[in-house]
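This is a predicted model, so every value here is computed, not measured. Atoms within each ligand, like the ligands themselves, are counted from 1 in listed order.
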Amino acid sequence: MKVLLVGSGGREHALAWKLAQSPLLTRMVAAPGNPGIEAICEIRPISPTDVAGLVVLAREIGADLVVVGPEVSLEAGLADALAQAGVPCFGHSRAAARIETSKAFSKDFAARHHLPTARHGTFEAAEPARAFLQGFTPPYVIKADGLAAGKGVVIAATLEEARAAVDDMLGGRFGQAGARVVIEEFMAGEEVSLFALCDGETTLLFGEAQDHKRAYDGDKGPNTGGMGTYSPAPVATPQVVARAEAEMIRPTALGMAAEGAPLRGVLYAGLMIENGAPRLVEYNARFGDPECQVLMLRLRSDLLPYLLAAATGGLKAMPPLAWREEAAICVVLAAPGYPDAPEKGSVIRGTEADLGEGVALFHAGTARREDGALIATGGRVLNVCALGKDLSQARARAYAAVAKIDWPEGFHRTDIGWRAL
Ligand code: AMP
Ligand code: GLY
């Protein structure tokens with residue numbers, strides 16, 4: 001089978017690493033890929049939002065399947081264009097991706113289908129938004145409607161701060177993405193990311209992971225795209241997962257199909273668990289990054305037939321997924337200044353060293369300079385991942401590998417996995 005993989009982050013490197021192990025794979029091309037992916041397969045410099053360019057590439061290589069990593073490609077309509085071209089795509093249509101790309105759509109959908117989640121309101125003007133805020137107690141949760149690269153959520157401690165956030169968003173801080181704001185009830189508890197493959201009707205649970213969203217140790221500092229993950233996550237007990245599947249995942253797949261926008265790809269439910277009860281924080285239409293990395297390490301089954309089944313409607317016939325007994329962890333190495341203003345261009349050494357047993361290194365924001373040096377080009381730069389017989393062993397292995405990477409400018413959290421240890 002020939003596969004086109006779209007994306008350039010650590011998530012896509014992990015997908016490439018796992019797909020490359022499939023006995024069914026005959027050729028893989030990634031666009032645009034990164035230096036880590038380039039060590040696995042051919043890469044082509046086509047942007048993940050260049051829909052026409054990606055369709056031409058899929059045709060050129062005779063792709064049997066296109067695997068889409070990032071949501072920006074879905075929002076650009078890549079899956080719709082591939083459907084027109086008759087190429088199977090693991091990734092949702094633009095309409096289905098609204099489950100992530102529009103928080104207003106997503107929250108309204110949750111209300112229509114009675115999914116357990118926070119009470120909310122959607123506003124395009126400041127006055128009614130301010131009035132709605134009065135009905136809540138602190139802290140207040142204010143979100144920009146559209147994609148804002150993980151920065152569109154404000155948890156405000158006071159009414160004053162909450163009003164300022166509303167004014168800021170409606171005032172154009174996030175451009176079109178903030179033309180509407182969602183205000184919702186604050187949910188207490190512990191967060192976990194749960195994944196399910198969807199083929200339009202059938203859903204298949206695809207494991208869970210816990211992310212660390214804050215930049216610094218002790219869950220301090222600004223929110224980021226994620227500084228590290230581990231899986232399995234003890235908070236996602238079999239009971240919690242079963243409830244989430246019955247109360248959210250299944251009704252969501254059925255509801256989206258009934259509304260004419262079936263899900264074909266992965267559904268990522270951000271859950272808040274309080275007293276064993278899951279509530280929905282948000283949906284995403286893609287694998288989490290860096291959640292995907294630990295799931296790929298733990299997955300024993302061949303990934304390729306599952307992604308193809310999700311793309312083509314064959315999930316019902318697939319055998320259950322097999323997972324390793326081991327625990328997996330991912331530590332993100334980030335550029336100085338991340339998340340606000342990451343500095344680019346510093347040189348990273350030591351990535352080719354033997355990083356030890358059970359360790360996998362995924363590139364997230366790197367590039368090769370003309371002289372061959374590996375440099376940092378993004379906020380989250382490297383993902384140091386490890387398997388271990390339990391989380392403590394996985395963690396020890398990952399941090400031992402981090403110590404071997406020579407990148408004085410980079411920073412990372414030293415407490416990934418603390419909740420489970
Ligand atoms: P989102 O982009 O919607 O996932 O929000 C980013 C982060 O903000 C989440 O991962 C949560 O940590 C937090 N958050 C969002 N909505 C709520 C809420 N209603 N209650 C508590 N925390 C929330
Ligand atoms: N790690 C969180 C996300 O992918 O949104």
(request) Taking only heavy atoms of Gly288 into account, list the atoms of ligand 2 that are under 4.0 Å away from them. (result) 4 (O)
(message) Ring centroids only, cut at 6.0 angstrom: are Phe287 and Phe206 within range, meaning strictly under it?
(response) yes
(request) Output yes when the distance from some N or O of ligand 2 to some N or O of Lys213 is under 3.5 Å, and no in every other case. (result) no
(message) If the cut-off is 4.0 Å to any non-hydrogen atom of Glu291, which atoms of ligand 2 fall inside it?
(response) 1 (N), 2 (C), 4 (O)
(message) Side chain, backbone, both or neither: which applies to Lys103 and ligand 1 if a contact is any heavy-atom pair less than 4.0 Å apart?
(response) side chain
(request) Measure from the ring center of Phe132 to the ring center of Phe123 and say whether it is less than 6.0 Å. (result) yes
(message) Side chain or backbone, does Arg286 bring an N or O within less than 3.5 Å of an N or O on ligand 2?
(response) yes
(request) Using a strict cut-off of 4.0 Å, indicate which atoms of ligand 1 neighbour a heavy atom of Lys213. (result) 10 (O)
(request) For the residue pair Val3 and Val66, establish whether any side-chain heavy-atom pair is separated by less than 4.5 Å. (result) no
(request) Show which atoms of ligand 1 fall inside a sub-4.0 Å distance from at least one heavy-atom site of Glu184. (result) 16 (N), 17 (C), 18 (C), 19 (N)
(request) Would you indicate whether the side-chain heavy atoms of Val347 and Arg349 approach each other to under 4.5 Å? (result) yes
(message) If the cut-off is 4.0 Å to any non-hydrogen atom of Asp211, which atoms of ligand 2 fall inside it?
(response) 1 (N), 2 (C)
(message) Tell me whether Glu282 has any N or O atom under 3.5 angstrom from an N or O of ligand 2.
(response) no
(message) Tell me whether Asp219 is salt-bridged to Arg214, with the criterion being a basic N under 4.0 Å from an acidic carboxylate O.
(response) no
(message) Please identify which of these residues, Val294, Val235, Ile416, meets the side chain to side chain contact (heavy atoms under 4.5 Å, CB included) condition with Gln210.
(response) Val235
(request) Report yes or no: does Gly270 have a heavy atom closer than 4.0 Å to ligand 2? (result) no
(message) For atom 8 (O) of ligand 1, tell me which residue out of Thr117, Asn284, Val153 has the closest non-hydrogen atom.
(response) Val153
(request) Measure up the Tyr268 and Phe195 rings against each other and bin them: parallel (under 30°), tilted (30 to 60°), perpendicular (over 60°). (result) tilted
(message) I'd like to check Val384 versus Cys330 (side-chain heavy atoms, cut-off strictly below 4.5 Å). Are they in contact?
(response) no
(request) Give a yes/no verdict on whether any heavy atom in Tyr268 is under 4.0 Å from an atom of ligand 2. (result) yes
(request) State, with a plain yes or no, whether a side-chain heavy atom of Cys198 is found less than 4.5 Å away from one of Met256. (result) no
(message) Pairs of nitrogen or oxygen atoms closer than 3.5 Å, one from Asn223 and one from ligand 1: do any exist?
(response) no
(message) So for ligand 2, is Gly225 a polar contact partner (N or O within less than 3.5 Å, distance only)?
(response) yes
(request) Nearest heavy atom to atom 16 (N) of ligand 1 wins, so pick from Glu282, Lys143, Met187, Glu100. (result) Lys143
(request) Taking the side chain as every heavy atom from C-beta outward, state whether Lys143 and Glu184 have any atom pair closer than 4.5 Å. (result) yes
